[in-house]
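So you know, we letter chains A, B, ... as the sequences are listed, proteins then strands, and number each from 1.
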Amino acid sequence: MEAHSKSHRYAKLAGSLLSALVLSALAGCSRPTTRHLDFNQDVQPILASRCFSCHGPDPEMRKAGLRLDLAEWAMRKRPHHPDAIVPGHPEKSELVKRIESKDPHYLMPQNAQGVAKPMSTAEIATLREWIKEGAVYRPHWAFEAPKRPALPTPQSDAGWTKTPIDKFILAKLEKAGLHPSPEADKGALIRRVTLDLTGLLPTPQEVHAFVNDASPDAYEHLVDRLLAQPTFGEQRARYWLDYARFADTYGLHYDNSRDIWPYRDYVIRAFNNNKPFDQFAMEQIAGDLMPMKNLDPLIASGYLRLGVSSNEGGTIPEELRVNIARERTEAFGATFMGLTVGCAVCHDHKFDPTTQHDFYALSAFFNNIDEKPFNDDRPVWAPVVRIPTAQNLGAYDRVLAERSELQSKLNQMRRNSRGLVTQWLASGNKPARAVATDGLVLRLRLDEGKGEELKNSAPNANPASFNTATLKGEWGETTWLWPDFRMQSSTRVLLGQTGNYEAKQAFSAGGWFMFRSAPFHPGSFGTLISKMDSTQHDRGWELASDDGFLSVSLVNKMPKDSNPAEQPKKKGQSEKERKAKEPFDYPTPQDLSKKDLAANKPPEQLKAEKEAAKKAEAEEKAKERSKKDSAEKPPKDTTRQIAIRVVSLTPLPLDGAWKHIFFTYDGSGRAAGIKIFVNGSPVATRVVSDNLRGATIHTQAPMQLGWRDPDEHPAKDARYQDIRLYARALTSDEVDRLPFEDYAAEVATRPQAQWTEDQWHVMSQFYLNRVDPVYQAIQREMVSLDEQLDRLSKGGNLTQVSWEKPSIAYAHVLTRGVYTARTERVEADTPHFLPPLPKGEPHNRLALAKWTVSPENPLTARVTVNRMWYELFGTGIVETTEDFGIMGERPTHPELLDWLAVEFRDSGWDIKHMYKLMVMSAAYRQSANSTPEQLAKDPRNLLLSHGPRFRMDAEMLRDIALQASGLLVEKIGGPSVKPYQPPNIWEEVSYPTSDTLHYVQQHGDALYRRSMYTYVKRMAPPPDMDAFDAPMRDVVCTRRQRTDTPLQALVTMNDEQWVEAARALAERVIHEAGPDTHQRIDRMSEILLAHDAPAPMAAALESSLQQLQRHYAKDRKAANALVEVGESKPDASIPEPELAAWTMVANEMLNLDETINK
Amino acid sequence: MKQHPRCTDCENPITPLDLPIPSTLKQEWAAIETRRRFLGRSGKVLGWAALAGLFGEIGLRSYAKAADITAASSGQNNLGLPNFAPKAKRAIYLFMSGGPPQMDLFDYKPNLAAQFDKDMPDSVRGNQQLTGMTAGQARFPIAPSHWPFAQHGETGTWVSDLLPYTARMIDDLTIIKTTHTDAINHEPAIMLINTGNMNAGKPCLGSWLAYGLGSMNDNLPTFIVLQTKTNPKENNQPVSSRLWSSGFLSSEYAGVGLRSGADPVLYLDDPPGVDREVRRQMLDTVEKINRQTLAEVGDPETNARIAQYEMAFRMQSSVPELTDLSKEPQSTWDLYGPDAKQPGTFAYNCLLARRMAERGVRFTQIYKRGWDVHDNAVGMLPVLCQETDRGAYALVTDLKRRGLLDDTLVIWAGEFGRTVYSQGGLSHENYGRDHHPRCFTTWMAGGGVRPGITHGETDDYSYNIIKDGVHVRDFNATILHCLGIDHNRFTYKFQGLDQKLTSPVTAYVVQGLLA
């Protein structure tokens, strides 16, 4: 939203005209005025700009308990205050007395410093009149669903109008005493419409054909032809990429490349296929949750992943996560709702009814994507999809469709899961079986949600609670069974002598953990649970994770240097080395859904299959590992270790998913007595050490969560829930029931009516994954389809997508937007002042997507047609395309906007239909020439008394230069390209190890592609585009600035690309027009301006040409130098001085005001 | 070069001011146009004088009058700047990207020597979130500064031996030991101090100044950004064009990069084979045709375009003149040192900044990267100081001897400070320091600020502020104040809000810093 808000320019003009009317009505007529004020048009803007900052929606800023944005508040009695508004009686209304007062202390409005800023007489008159008319409030215009208004019947409609649009335009012009202009001449018209619909110029042939086509529907034919061209999709996509903040790097710190160009190509495809806008919008918001026949919806969901992202070393993951959700929410608000919801990050919106609660409820929809906040400085990071190569596309799409059907069934069941659970329990089924509490000595549920005291909920717990030490923990950043617990850098959970066992004691421990890797900590290395004394050669026991490898150790003595795994991490290990070590593995949605399914995989059915796979894998890994060990690591001195130690063979993905990690130990004193479980299933392990030989593991060091004192790292950025210690070895069956079933059994003992959202979630998870046979069968089928998809997409391009987590979408309201200042936990929901989500729908992105394009939604259709209008006419009907809120501009033609919005919806969200409608209008087809009268009455042509004329956008300018010169390479899509760029643009700002440190210019076709394919590095966007107000794509931009600066002149005069284009254009006209100077000039004019050069222009150019010819004839060296500019070779058949002179003439033509304007 | 007839006799100045229409409408029109283009009186380069050339004196007077009318009646865009008599007309901002360690340069903590390698007390750190780089560190061992400090100047201010040149001008400086910020990592912190917001999309200080105060010359940009060549040995955190972006303000207020070497402004040089005469002739032809277009189409925007092409032509000569140092006297080189002869060094950029100040550039910002000393602070700080110390000294001294310091504000700051505890290993020979937002040292000199004072006190660990904290918002409010701007009144309506550089939390001008 970078647009330059020329605040209320029009509103003021209109306002002053209007107030003149009001004043005359008041002064001149004794009978009551028949003209009723329109609250939205006339009154609310005054109240909003003059009163709301102290008497508006924000309770923090509200003075004297008076709120003027809502009728019931404005009229209500306030103790000790006179009535602000007495409908029908301005003289009794305190509001009127205040704004008319002569006493500066009494006078309103006042600014924050208490200084009165009196209203204008017109404003006062309007408010007076409004109160006199009964002080009728209306909801804000944009929050009521549009209804199709009747067409106006302008009086002077003598055949000027061509479409319903024109009736609205003409009616308004009449009121303002203006007349429409005649239709533009055919050359100007074809140039305008071709530029608008394709972003390119019409060719001279096309111009001739159109000019000579006298048939009445010549123009319509032209429009239809243009709408069918593939360049139409490119031109529309170019705008949409601004609305979607598309770029080729991730924007912060390293600002590395980010591969998501398939999203760009999707957008082009969608426009070219005229994909209905409701589909188009839904796919971007929730494509991953929609039925799929091909990958397009999933690729589209990359929209949410387009925002800036970071991997800066010190960044705190939670802060980043909050920022990411916030960014998406603001982007969604701007792109689809036309609202500045971001204002409510810190406080209730000062003017719009958007509350802080609304903002975070909305952000919750975007807070539930299965991703790591850190991007690992990769070109893509999870979740991603691998796009199959062309030859596999058909097969892939067939499997995908099949999978999608199954997914729909699963989704359906999930949606109905409450019913299914209820039914299941009601039909007398035994609820889940709890795990016996025998031997349970410690159970930290960690569901306190606040404070420093952690309860031990084991039966007869002793002690019954523990206090966190040093710093208290962080609560509720994410949710699994319930909102979670995380430790700060110096939080300690000291559990005393709990778990003080000898090796002959059987015991079991573990719980729910969530790790996320963070920079500088590529692995979540660290202790999970320990009772170990690192000052005593690590005597004791420990459950730990090293880069995802789980380990259980029972130690008598483990000298520091005896075990390479225990040696301190190498200092100064370069990031490169670390990266090389990391598995280069991007979870695709297939992987993620597998993970999602695997979390609760029914063990019986899959066990055999899994075991087999595991065995094979284990053998291979063991081989690899032993190879590695012998090759890379110093020989282990296991003889000095007096310990048992087993380590899992396969690392856990550090993907931010909750995992239930548990081990059992049978008291045998042997490594074989240790089993490690993930999500209830045993995992393959290898024995590192089996050398305890009955020695003691007894230690006085306290048992701890997440730490092993004093200098081991905790598991980095880990979250914890339901941590348990049993003084016995649980059976495999019991461990299998621990993750969900045990808790489900507990929940089931309570009345359903009391179940919380989270508990319902647990019950549903348990029921579907462990009880319902249909659900499980579908899951199994999907696993096999996923494998096929994996196979069929091998070798394809990756692109980033969205993928919904299985958990509930929620967020926290953050005081002042500070990520640590969590208050209320809110479920995903739409803003309260807009239509609610349908009852019974799960509150996820799919519901949001449907809501966005539902007929009740008052904003989406209006916001979208308004942007179409802006693209064609240069200014939206609502000028603030990004703000339809109370402080946004009022529509210049409210009825027209509503008519268009309803038409759009009723047409089945037909995009091409809308563009056609607009360009077919008489309003659009008018001549752009303006008269002094028009300029005087409507200097910005907001009423459209003449046709649109404005400077083209950056990309269009470069594109037409390339096109006119014949250099343009028309190829749609593919990776972004790097054309000419002055040296040292990237180097100057980039991080030295960024993969976008050096701009490596490409050659050949890459130099001449359309500008929408030019690589955009966010920290240093292409400077020639930047000069012409192309946005940086950091944030959504729905309205570009349109400046005139000398830097622009420098680009079009001097940029290598432009000079080369001028030379090629010169060559082209020399060849196409023959030897005659006039014909050459005419040709150049035809190419660029779609008409012959008028005499004065031709004369000026000809005289210039003669001077240039003389100059370059004298200075051949200069001529040679000029024609050599650019990588394409000059035409050797044209003498250099001649070519140089014509190159400069072309340079002149390319720099004309008429060329640069549409 | 052919003398260009300045277009003082515009043939077709189509303006409604000349039309037989009601005067209220004329006023509306003029006000709208004026607000749009001129009220900021800036434009990236379009100056008042250029307009006079364009519209002739009469037209200009009409516009000026219209501007007054608007000023009296309009709320929002009536900038009315300066709000009060400014002490400084221009500013030069030396930005030390990466976060210089305050306790190694200015914030002298003699007591720390005795605490070498002792743990920093938890009570000092309190509840602070640490960066992801040291949050996992088991210990926070105190690393006293490796360098001795000495008292300098009449004020007897303590300065590290690392900064011998800065020490010489210490009495000219206004030192703030208690600057603090909200962000603990580079990206958010550097955006916060430059744009007032941790997230992208807001205008930077320079853009606000360009918008509010406009240009003081008609052939150079209002706001210029200089990058110092990076030293590959240093830890060069990135900077990005969003730091000099105009955000929601018109993009004409964005900083213009002035690069070392050929083509100091992008696309400035005529292409090979095009000399000034050819360019002049080309522009004359373009203008002739554009005037025909203007007459035919009647779009006032065409006038603006004609003016911008003329401005571009002037810039093509004025910028090379600016960067041509061949006429600088020997005394300049004696002052700035040999580095200043190397384009792209900090000293060179300081010299350019002085030349720009002389030529009426409103705001110059020099970025010097590399201060991010997470490790090997002992190895890198002498290099960083050697690169920057003399240039900064020379700039202030040069401005002073030319009488320019009185109305030029020089600012020296990074985005945050560094921790007293060592990141990574600590030895007597070396240490590293992590980011520290709670206190860091900055300085100002010149127009508007009180020389020879040190503002604020930090605790024994240079970790917390004991007295007189200056939030970066206050810092910015104070800078605006020196330039005659009340930061609370200097707003721009965007997204329905009166946006300002110092929002959203209340900021205060730090009276104690003012002259």
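Only the backbone of B:D269 comes within contact range of chain A, judged by heavy atoms closer than 4.5 Å. Contact of A:Y819 with chain B is made through the side chain alone, with heavy-atom distances under 4.5 Å. Proximity to chain B is absent for every atom of A:S994, based on heavy atoms less than 4.5 angstrom apart. Within the 4.5 angstrom heavy-atom criterion, only side-chain atoms of B:Q292, from C-beta onward, approach chain A. For A:H253, the parts lying under 4.5 angstrom from a heavy atom of chain B are both the backbone and the side chain. Interface residue A:T820: only side-chain heavy atoms are found under 4.5 Å from chain B. Using a 4.5 Å cut-off between heavy atoms, A:T1043 touches chain B through its side chain atoms alone. Proximity to chain B is limited to the side chain of A:I1156, based on heavy atoms less than 4.5 angstrom apart. Contacts of A:R326 with chain B are made by side-chain atoms alone, with heavy-atom separations under 4.5 Å and no backbone atom involved. Residue A:N1157 touches chain B through its side chain alone, counting heavy-atom pairs closer than 4.5 Å. Using a 4.5 Å cut-off between heavy atoms, A:A1100 contacts chain B through both its backbone and its side chain.
Side-chain contact, A:Q1041 with B:S251: a donor N or O sits under 3.5 Å from an acceptor N or O. Looking only at atom types and distance, the side chain of B:R305 has no donor-acceptor partner in the side chain of A:N1151 under 3.5 Å away. B:T302 and A:D1153 form a side-chain donor-acceptor contact under 3.5 Å, judged by distance and modelled atom types alone.
B:R242 pairs with exactly one of A:D1034, A:D1026, A:D255 by the salt bridge (Lys or Arg N to Asp or Glu O under 4.0 Å) rule, that one being A:D1034.
Going from atom CG of B:L294 over to atom CD of A:E1154 covers 12.5 Å, rounded to the nearest 0.5 Å.
Among the candidates B:L283, B:V505, B:L268, the residue making the largest number of heavy-atom pairs closer than 4.5 Å to chain A is B:L268. When each of B:T293, B:N488, B:N290 is checked for heavy-atom pairs under 4.5 Å with chain A, B:N290 comes out on top.
Considering only heavy atoms from C-beta on, A:N1054 comes within 4.5 Å of B:R279 through its side chain. Side chains of A:L252 and B:M191 form a contact here, defined as non-hydrogen atoms less than 4.5 Å apart. Two residues are said to be in side-chain contact when any heavy atoms from C-beta on lie closer than 4.5 Å; A:M1097 and B:K288 fail this criterion. You'll find the side chain of A:Q1048 stays beyond 4.5 Å of the side chain of B:Q308, heavy atoms only. Looking at heavy atoms from C-beta onward, A:I985 lies in side-chain contact with B:L266 at the 4.5 angstrom threshold. Using a 4.5 Å cut-off on side-chain heavy atoms (C-beta onward), A:R949 and B:E301 make no contact. No side-chain heavy atom of B:M282 sits less than 4.5 Å from a side-chain heavy atom of A:L1108. Within the 4.5 Å cutoff, the side chain of B:V265 has heavy atoms near those of the A:L1050 side chain.
For the residue pair A:S990 and B:P238, the shortest heavy atom distance occurs at C-CB, 4.0 Å. Shortest non-hydrogen contact noted between A:E988 and B:R369 is O-NH1, 2.8 Å. Shown here for B:V297 and A:A928, the closest heavy-atom pair between the two residues is CG1-O, 4.1 Å.
Without hydrogens or angle criteria, A:Y1112 side chain to B:G273 main chain gives a donor-acceptor distance under 3.5 Å.
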